Amino acid sequence: MRIYLDHNATTPPDPLVADRMAQALKDVWGNASSVHHFGQQAKAALDEARASVASLLSADPSEIVFTAGGTEADNIAIRGAAEAMEASGRKHLITCGIEHEAVLNTMKSMARRGWNVTLLPMDATGIVSVDRLRETITDETALVSIMHANNEIGTVQPIADLAAVAHERGALFHTDAVQSAGKLPVDVQALGVDLLSIAAHKFYGPKGAGALWIRRGVRMLPVMTGGRQERNRRAGTENVPVLVGLGVAAEIARRKIDTEGPRLAALRDRLEAAVLLSVPGTDRNGAAAPRVPNTTNISVERVEAESLLIGLDLAGIAVSSGSACSSGTLEPSHVLKAMGLPAHRTQNSIRFSLGAANTGEDVERVISLLPGIVDKLRNLTRTPVRA
Ligand SMILES: Cc1ncc(COP(=O)(O)O)c(C=O)c1O
């Protein structure tokens, strides 16, 4: 029996998503820009998916731009909006150190092109301070990009308050909602943002499918040049089957949002409390609240995260250390580093991220196995006492 506790890395496609995608791959192969029957059939499938995504975000379908995932949505949001703002003389961008690389490395690339980029300082809560943003923002700021929920520690940012500060100074606000969509209600009006990114594979949809919501009236320069697809915001023939999958996943997520969150929060809280109590030298990273319901990130002193990850995998339990993209290297988590945590916390953290198939039984199994695995690893690395 294998237990998958790495849903922030990716989720298994919902069976209905897989079925509808397979059907679309066979039957809906027209080019959605074609005028004839086959094209219109593809366009109708895209329209349905667009309406489902819009409904998940309480948005208007005409404001949804389909992308090939979260990274692409983040790139189009930051590059497209910032470059359109440049004409107004604004050359400053603000983000924070706990963002996903999709945002951080895009900001670094903008800095190399002459943009002035500020990273807001973070503290150990992993929550961005609205006052810090107020002190940092200037009349030159073009765009502020702060994630909704963090992928490693799950903390949820005060987006509505942050966006209000950006708007007071005439800047645009983008949020990467890749880790919150499908886990928390995400309402673009209530959040008050201008741009919001999501990715289907984080809520039981396919990889390589995402969306960028762009508030009507926000000016963007096309990042990808080519055809006029997606209202000129994302050139390239739409990948209808995967976008059908995104639409079905969005519809399922919307229906389950009120029941699945509390269920996962109860399982996560039980797991977290039991681990902190039964394994000596453990600490939770980041604030307990506000947090997405499925995530806990725990540092385990005197055990290297990679060894613990392998130990758990051998016992049939899949977790992650830091973010999936940086696994495989022994680099400390950039998120925990940005929060100012010491090396023994940044290098020894593991993330449990729960999802649809997880049960109370799974959680009890992890609770029963983890202390023994940690003990074994600690004993292996204990420096022998010289005679
Ligand atoms: C917060 C966040 N943003 C962006 C991404 C990138 O999304 P994608 O893998 O769809 O490109 C991820 C994926 O891990 C993420 O967690």
Side-chain angles (χ1 to χ4, degrees), residues 4-13 17 53 56-57 64-79 95-109 122 126-128 145-157 159 174-184 186 191 193 195-213 223-224 234 236 239 242-243 245-246 249-250 253 286 290-292 294-297 318-329 333-336 338-339 349 351-355:
Y4 184 73
L5 295 173
D6 199 12
H7 292 81
N8 288 8
T10 199
T11 54
V17 168
V53 172
L56 179 68
L57 305 177
I64 302 293
V65 171
F66 287 134
T67 67
T71 302
E72 190 181 282
D74 287 341
N75 269 265
I76 295 175
I78 296 168
R79 294 177 195 274
T95 187
C96 69
I98 68 167
E99 296 290 319
H100 188 269
E101 287 88 348
V103 167
L104 274 182
N105 288 340
T106 304
M107 289 290 185
K108 280 187 197 158
S109 152
M122 301 292 304
I127 298 191
V128 175
S145 180
I146 302 289
M147 70 201 321
H148 191 196
N150 180 268
N151 43 308
E152 291 193 30
I153 55 173
T155 49
V156 175
Q157 307 302 335
I159 295 299
H174 165 247
T175 191
D176 173 338
V178 166
Q179 289 291 347
S180 57
K183 297 186 180 118
L184 298 174
V186 173
L191 291 173
V193 297
L195 300 136
L196 181 141
S197 311
I198 64 167
H201 75 104
K202 307 292 186 181
F203 54 93
Y204 310 97
K207 288 151 194 67
L212 175 64
W213 171 80
V223 168
M224 197 109 77
R234 197 276 187 183
N239 186 349
V242 302
L243 295 172
L246 163 64
R291 210 166 28 145
V292 283
N294 76 322
T295 307
T296 178
N297 185 305
V319 301
S320 127
S321 65
S323 64
C325 317
S326 45
S327 296
T329 70
S333 148
H334 77 271
V335 170
L336 302 184
M339 287 158 55
S349 83
R351 173 185 73 187
F352 300 93
S353 50
L354 286 71

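Indexing begins at 1, ligand by ligand and atom by atom, following the structure's order. Here the structure is a predicted model, which means the values were calculated and not measured. Along the sequence shown, residues are numbered consecutively beginning with 1.
Every atom of ligand 1 with a heavy atom of T71 under 4.0 Å away is listed here by number and element: 6 (C), 7 (O), 8 (P), 11 (O). Counting atoms of ligand 1 from 1 in the listed order, those under 4.0 Å from a heavy atom of H201 are 8 (P), 9 (O), 10 (O). The atoms of ligand 1 that sit less than 4.0 Å from any heavy atom of M147 are 1 (C). Every atom of ligand 1 is numbered from 1 in the order shown, and the set under 4.0 Å from a heavy atom of N151 is 1 (C), 16 (O). Using a 4.0 Å cut-off to heavy atoms of A199, the atoms of ligand 1 that qualify are 10 (O). Counting atoms of ligand 1 from 1 in the listed order, those under 4.0 Å from a heavy atom of G69 are 10 (O). Taking a cut-off of under 4.0 Å to the non-hydrogen atoms of D74, the atoms of ligand 1 that pass are 3 (N), 4 (C).
Considering backbone and side-chain atoms together, N8 places no N or O closer than 3.5 Å to any N or O of ligand 1. Ligand 1 has an N or O atom lying under 3.5 Å from an N or O atom of Q179, backbone or side chain. Of the polar atoms of G70, at least one N or O is found under 3.5 Å from an N or O of ligand 1, judged by distance alone.
Using a 4.0 Å heavy-atom cutoff, K207 is absent from the residues neighbouring ligand 1.
No donor-acceptor pair closer than 3.5 Å links the side chain of S320 to the backbone N or O of R351. A distance-only check finds no donor-acceptor pair linking the side chain of Q179 to the backbone of N150 [under 3.5 Å].
Checked by atom type, the side-chain pair S333/E152 shows a donor-acceptor distance below 3.5 Å.
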Evaluate R234 against I76 for side-chain contact (heavy atoms from CB on, under 4.5 Å), listing each step before the verdict. CA-CA 8 Å; R234 197 276 187 183; I76 295 175; 3.6 Å; yes
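Only one option out of D176, D74, N75 pairs with S197 in a side-chain hydrogen bond (donor to acceptor under 3.5 Å, both in side chains); it is D74. Across V292, L336, N8, I127, a single residue satisfies side-chain contact (heavy atoms from CB on, under 4.5 Å) together with I153, and that is L336.
At a 4.0 Å heavy-atom cut-off, ligand 1 touches K202 through the side chain alone.
Heavy-atom minimum distance, R291 versus T155: CG-N, 3.9 Å. Smallest separation of non-hydrogen atoms from R79 and T106: NE-CG2, 3.8 Å.
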